[in-house]
Amino acid sequence: MPTSPSDPVYDLAVIGAGPAGLAGAVTAAELGLGVALLDASAQTGGQYYRHPSPGLGAARPEAMHHGWRTYADLRGRLGESAVDHLPRHQVWTVAREPDGFAVHAIADDDRPVTVRARTVLLATGAFERQLPFPGWTLPGVVGAGGAQALLKSGLVLPGRRVVVAGSGPLLLAVAASLASAGARVPALVEASGYLGYARRPHLLTAGKLAEAAPHALALLRHRVRVRTRSAVTQVHGTDRVEAVTVSRLDHDWRPVRGSGRRIDCDALAVGHGLVPHIDLATALGCTTRRTPDGTHALALDDQQETSVPGLWAAGETGGVGGVHLALLEGELAGAAAAARVGGRPLPESRLRRLRRGRARLRAFAALMAAVHAPRPGWTGWLDDATDVCRCEEVTAGRIREAVTEQGAGDARTVKLLTRAGMGWCQGRVCGTAVACLAAGSGLPASSERRPLAVPVPLGALAALAEPPTPDGPGT
């Protein structure tokens, strides 16, 4: 493992061992590159292919996944390759060097590690977007993806009677998984609708329809009611969730007066899509683009390369598009890195097929983002007492005061005046909401650049300034 300037330099460092990272790492290795694969988790698969804890004794972990065979194939190829897999390594920054990049990480024993590589592939995925509402901080409210992670990793349901709400196709999978695992799902509440897909039927590929069909059948079998153009606008309870209010929404997602209906439940799984995780890239100055649903993704060329030469990206970092797109982009990025560094090229026929598939899936991803994009009226769900930043306990009223009375016109100024976004999550949970309230818009105003992607022990920072020693980590 490289920890000092005298250690060998990899041809490619891949950050993230989800579908895109795995595809990129094994492709590049099979084309002749020396590859390091770093990931914060103990096992490969990322957020999509999660593994139950070994202590649970799950006999068939693949039962809760679609496309497990694809993952099993990638995992097998990884095991047969010369890739150096570095699990439990949390990357906190990437620095440019004259001959490539230095990838700085923290190992699970808090040991600082530096991996040097000529090129880098970012496959860091995405995190959930949350839009707050009164009561969203009560115990029993979990992210939609978080509920699915509990089920896949811990074989645990967030409750016995779970409402699933928010916006985006992930909700279908979450509701179907919870219902199939034994939870009662009284409602799936979708803030947008599904008619937007019907307006461009040529983008509904057979693969996408086949992917959605099992979820739809599970909802029918378990009698899950789907309520579109609606949202959970309030959670009720004292010590934990006891019920939710579901309101109809107008075109701009403003609650329709008098439309609220109470649904008893003991848990709420809620999320409004995904946000690309691009902190490492923006710290390097990579160009970003605004996606149709208002998030910021990396701007990539036809080879999956960012605006920083030698730095590629694949999967959700370039725009949320699902596992199949991530796999194609990972393979294309790994092949492009191999071509740049001097490995064997992929056959041109294979490259053409990958690019055609990517074009189709990217078009569908853009449609999906547009259909489920938050509308500006959602801020009408918030009363002034609603906590927006949970870490620092900053309310919607305090943020509005900063805008109207103290002249804050952007999220950064709001943060300086209120501490919103300065807590442990560093704005990943509240960032969208703070930006919307600051700009008076339904979409976040800007993409922040962070020098550190995750909290870092001071010892790791100090180690960067220490000269290498025979027994020390060096730089």
*Only counting residues at least two apart or in another chain, list the ones meeting side-chain contact (heavy atoms from CB on, under 4.5 Å) with Thr93.*
His104
*Looking at residues at least two apart in the chain, or sitting in another chain, which of them share a side-chain contact (heavy atoms from CB on, under 4.5 Å) with Ala107?*
His89, Asp109, Arg111, Val113
*Are the side chain of Gln304 and the backbone N or O of Asp301 linked by a donor-acceptor pair below 3.5 Å?*
no
*asked:* Which residues pass the side-chain contact (heavy atoms from CB on, under 4.5 Å) test with Val142, not counting sequence neighbours?
replied: Ala147, Pro158, Ala269
*Between Tyr71 and Thr44, is there a donor-acceptor pair closer than 3.5 Å when you use the side chain of the first and the backbone of the second?*
yes
_Exceeds 12 heavy-atom contacts within 6.0 angstrom, atom CZ of Arg240_ = yes
*Residues that Asp383 engages under salt bridge (Lys or Arg N to Asp or Glu O under 4.0 Å), provided they are two or more places apart*: none
*Residues in salt bridge (Lys or Arg N to Asp or Glu O under 4.0 Å) contact with Arg358, at least two apart in sequence or another chain*: Asp302
*So which pairs with a foot in residues 252-274 pass side-chain hydrogen bond (donor to acceptor under 3.5 Å, both in side chains), sequence neighbours left out?*
Asp252-Arg254, Asp252-Arg375
*Main-chain N/O of Ala396 paired with Thr386 side-chain donor or acceptor, under 3.5 Å*: no
In a table with atom names and distances, give each donor-acceptor pair under 3.5 Å that connects a side chain of residues 217-239 to protein atoms at least two apart or in another chain.
{"unit_1": "Ser230", "atom_1": "OG", "unit_2": "Thr228", "atom_2": "O", "d": "3.0"}
{"unit_1": "Thr233", "atom_1": "OG1", "unit_2": "Ser247", "atom_2": "OG", "d": "2.9"}
{"unit_1": "His236", "atom_1": "NE2", "unit_2": "Thr245", "atom_2": "OG1", "d": "2.6"}

*Hey, does the side chain of Thr404 reach the backbone of Arg400 with a donor-acceptor pair shorter than 3.5 angstrom?*
yes
*Please list, chain by chain and in numerical order, all residues satisfying side chain to side chain donor-acceptor pair (under 3.5 Å) with Arg398, sequence neighbours excluded.*
Gln406
*Please list, chain by chain and in numerical order, all residues satisfying side chain to side chain donor-acceptor pair (under 3.5 Å) with Glu331, sequence neighbours excluded.*
Arg350
_Once side chain to side chain donor-acceptor pair (under 3.5 Å) is applied, do any residues pair with Thr418, and if so which ones, sequence neighbours excluded?_
none
*With sequence neighbours excluded, tell me which residues meet salt bridge (Lys or Arg N to Asp or Glu O under 4.0 Å) with Glu392.*
Arg419
*Starting from the C-alpha separation in whole Å, work towards a yes-or-no answer on side-chain hydrogen bond (donor to acceptor under 3.5 Å, both in side chains) for Ser167 and Glu190.*
CA-CA 5 Å; Ser167 188; Glu190 165 62 59; 2.6 Å; yes
*Residues in side-chain contact (heavy atoms from CB on, under 4.5 Å) with Val275, at least two apart?*
Phe127, Arg129, Thr295
*Are Glu329 and Arg362 within salt-bridge range, i.e. N to O under 4.0 Å?*
yes
*Quick one: closest heavy-atom pair of Arg50 and Trp68, and the distance?*
O-CZ3, 4.3 Å
*Please report the C-alpha distance between Val103 and Ile15 in whole Å, then the side-chain angles of each, then the deciding distance to 0.1 Å, and finally whether the side-chain contact (heavy atoms from CB on, under 4.5 Å) criterion is met.*
CA-CA 9 Å; Val103 179; Ile15 304 173; 3.9 Å; yes
